[in-house]
Amino acid sequence: MNQINYLFKPKSVAIIGASRIPGKVGNIILMNYLNEGYPGKIFLVNKNADSIMGMRSYRRVTEIKERIDSAVIAVPAEVVPAVMEDCGKAGVRSVVVVSGGFSEIGKTDLQDQIAGIAKKYGMALIGPNCLGIMDSRSRINTLFLPSYKLAKPRVGGVSFIAQSGAVGSVILDMIAGEGFGLSKFVSYGNAAGLDETDLIDYLMEDEETKVIVIYVEGIKNGRKFISMANKFKGKKPVVILKAGRTEAGSKAAHSHTASLAGNYQTNEAVFRQFGFTIANDLSDLLYFAKIFESEGEPKGNRIGIITNGGGVGVLTTDAISSSKGITLGELSKKTAEDLRKVMPVLVNIRNPLDLAGDADDKRYHDAISMMMEDPQIDMLVVIILFQTPGGDSRLASELVNMKISSDKPMVALSIGSAYTEMHKMMMEESGLPVYDSPRSVALSLEALLSFYQFRKGC
Amino acid sequence: MLLEYFKAKKLLEAHGIKSIESAYVFSAAEALSFSKGRPIVMKVISDKALHKSKAGLVMLNLSGKDQIEEAFKTLSRKGKSLGSYRIIAQLMSPGGIEMIIGGNEDPQFGKMVLIGLGGIYVEIFRDFSMMSCPIAKKDASVMVSSLKSSKIVAGSGQAEELLEDLLMRISRLLLANPEIKELDLNPVIIHKDSYDVVDIRMIT
């Protein structure tokens, strides 16, 4: 079995540095396991305690005579090597070192030492200096962030890898505000053991992961990355945000080529070459993640727009027409005729189709079903402005119903505050991605199309 | 270090890439006899000069004794101010679309191959695409078609195929010659059914 599996699906865990004192890392992690109802065995280790919060605690991990699949280590950096030696001797299969104080402050020797120990015993290693791992299904959670500080995403198919713990926790909190769900989360910090390439490799084969989303500051091993990316070309959507776009080139270029090929440009070129979707901002990560999680392959690039507000329809038309690859479709003769029969006179039969502000669920139903059947429309954007007279929960639930029976990609666009937000969550949790701006819709449809086109060419 | 021009030219030839007829000239008379009545280009080659055109080190479309003598004098003067230099004479290529084909060694990802809109404004327009080596035919085709300037190229006969073929050859050259760290063919002048590589720069 892949060693990495023990990190995400351990049957038993040890918390080394477990603590009874609220606010301490070793306490927050313990509370997370308990609160989230981790169903496996939990062993506590603390060199100064025999009992923590009424649970038995061991002085050393070697004293535990049962099998341990994964240990999370939250002790000061200088004692981590000794603790890891113990883990190796105790047959622990994987470790997450959350402690900081390694290469990030120049202590590369200490980091090399723990990497060596992990290697010697064949233990999968995440960290050091990281938040570690969260798995929505196995309910493993090494994140030492108290649960009141960030909301918890629901269970789903998006797996997220972040080098930085801070960006990682921001994204987790942002995901919780979206209606799509999380499969796995990894903040891998200094990557003394596993790096982003190993993790992508694992997630590519992971059946619970539909979309991989990555934040990196740098790829640790470029050639290893390329060989992994080549192996899985087009297998799953990978959305990547790389920091350092504006970094100045480090070497003096002797050629035009080298002066064009800066570090960021080269990274981006490699990502593109292997079909990764490039995000330019944190919000792009969410936009792309949600469309890839819920939508499948579009048959073509022609977009249909249905709206209950003319202006937003025009703005969306603009955003789509100025995007690469996607274009506004033209209604077929049959669709136009069918629509004319059922739509009120004031509705102009064209794409974008403006149903007017008094549009109710019936009008939306007719418009969506007719446009979905149109062979000249490949993807549908349904704009619902809840500020309009007809904009209420009946529309939202009709959209969800239509979504379930549709075989073409379909997304919603709703802009607004509390009332809109409420409906957004309702629609998204039922599997309909909802966007908050014409630009984000256009970018996401473009990303969807371009990934599936890439995949077709593989 | 800048690889000597004719060594670089030979290396290209070994990979099936022809470049425009050239010769070092050490006097105006030599340049004149190279010209044989055909219009020529003369330029100063020096490892100190990356932007030859901007530095006034390239003189185009020279023909006849007077023009060639005058140009040789000017370029010699400019060359001397750079230290070590040579003057090269080349046939003048008829005008066309100027592209750049390049290679680079990235410390992480290894050999990269590049294509872009070339000429003297290459760093201003920054219209280029890049891939890690090796590349297949369809990769080369993606590289060409993803350029903003691909529409200009597409209008010109066999241009796309010529460029794709060049990219694949350069990718092979880079992998077969690990000592080449940077490479510029800039510009490669694209005509209807042919191309002229008019400047070569390889850094070891």
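As the structure is a computational prediction, the values presented were derived from the model and not from experiment. Letters go in sequence order (proteins before strands), and every chain restarts at 1.
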Check: Who wins among B:L114, B:D139, B:I100, B:I101 for the most heavy-atom pairs under 4.5 Å with chain A?
Finding: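 With the most close heavy-atom pairs to chain A, the winner is B:L114.
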
Notebook entry, point to check: Which residue out of B:M143, B:M202, B:R126 racks up the most heavy-atom pairs below 4.5 Å with chain A?
Noted result: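 Ranked by contacts with chain A, first place is B:R126.
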
More than 12 non-hydrogen atoms from neighbouring residues, nucleotides or ligands closer than 6.0 Å to [atom1] on [X], yes or no?
{"X": "A:K107", "atom1": "NZ", "answer": "no"}
{"X": "B:F26", "atom1": "CZ", "answer": "yes"}
{"X": "A:K324", "atom1": "NZ", "answer": "no"}
{"X": "A:Q113", "atom1": "CD", "answer": "yes"}
{"X": "A:K235", "atom1": "NZ", "answer": "yes"}
{"X": "A:E297", "atom1": "CD", "answer": "yes"}
{"X": "A:K233", "atom1": "NZ", "answer": "yes"}
{"X": "B:K137", "atom1": "NZ", "answer": "yes"}

What's the spacing between [X] [atom1] and [Y] [atom2] if we round to 0.5 Å?
{"X": "A:H254", "Y": "B:I203", "atom1": "NE2", "atom2": "CD1", "value": "6.5 Å"}
{"X": "B:D106", "Y": "A:R223", "atom1": "CG", "atom2": "CZ", "value": "8.0 Å"}
{"X": "A:Q273", "Y": "B:I135", "atom1": "CD", "atom2": "CD1", "value": "8.0 Å"}

Checklist line | Region of B:F128 that comes under 4.5 Å of a non-hydrogen atom in chain A | finding: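 Contact with chain A is through the side chain of B:F128 alone.
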
Check: Side chain, backbone, both or neither: which part of B:S132 has an atom under 4.5 Å from a heavy atom of chain A?
Finding: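 Both backbone and side chain.
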
Checklist line | Nearest heavy-atom neighbours spanning B:M112 and A:A269 | finding: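 Scanning both residues completely, I find the closest heavy atoms to be CE-CB, 4.2 Å.
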
Check: Minimum heavy-atom separation for B:M130 to A:A261, with atom names?
Finding: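 That closest heavy-atom pairing would be SD-CB, 3.6 Å.
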
Next item on the list: Give the intermediate values and the outcome of side chain to side chain contact (heavy atoms under 4.5 Å, CB included) for residues A:F454 and B:V142.
Entry: CA-CA 10 Å; A:F454 176 86; B:V142 168; over 6 Å; no

Notebook entry, point to check: Among A:L260, A:V270, A:T266, which residue forms the greatest number of heavy-atom pairs with chain B at distances under 4.5 Å?
Noted result: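 Most heavy-atom pairs under 4.5 Å with chain B: A:L260.
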
Margin query: Quick check on the interface: out of A:K224, A:Q265, A:E268, who has the most heavy-atom pairs with chain B under 4.5 Å?
Written below: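 Of the options given, most contacts go to A:Q265.
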
Next item on the list: Could you look at A:I219 and say if it's the side chain, the backbone, both or neither that has a heavy atom under 4.5 Å from chain B?
Entry: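 A:I219 touches chain B through backbone and side-chain heavy atoms alike.
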
Note to self: Less than 4.5 Å apart, side chain to side chain, heavy atoms only: is that true for A:F225 and B:Q108?
What the structure shows: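 The answer is no, as the side chains (C-beta and beyond) never meet within the 4.5 Å cut-off.
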
Check: Which is it for B:D184 and A:T257 under the side chain to side chain donor-acceptor pair (under 3.5 Å) test, yes or no, and what are the steps along the way?
Finding: CA-CA 6 Å; B:D184 274 350; A:T257 300; 2.6 Å; yes

Note to self: My understanding is that only one of B:E182, B:K181, B:R201 makes a side-chain hydrogen bond (donor to acceptor under 3.5 Å, both in side chains) with A:S255; could you say which?
What the structure shows: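 Among B:E182, B:K181, B:R201, the one that satisfies the side-chain hydrogen bond (donor to acceptor under 3.5 Å, both in side chains) with A:S255 is B:E182.
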
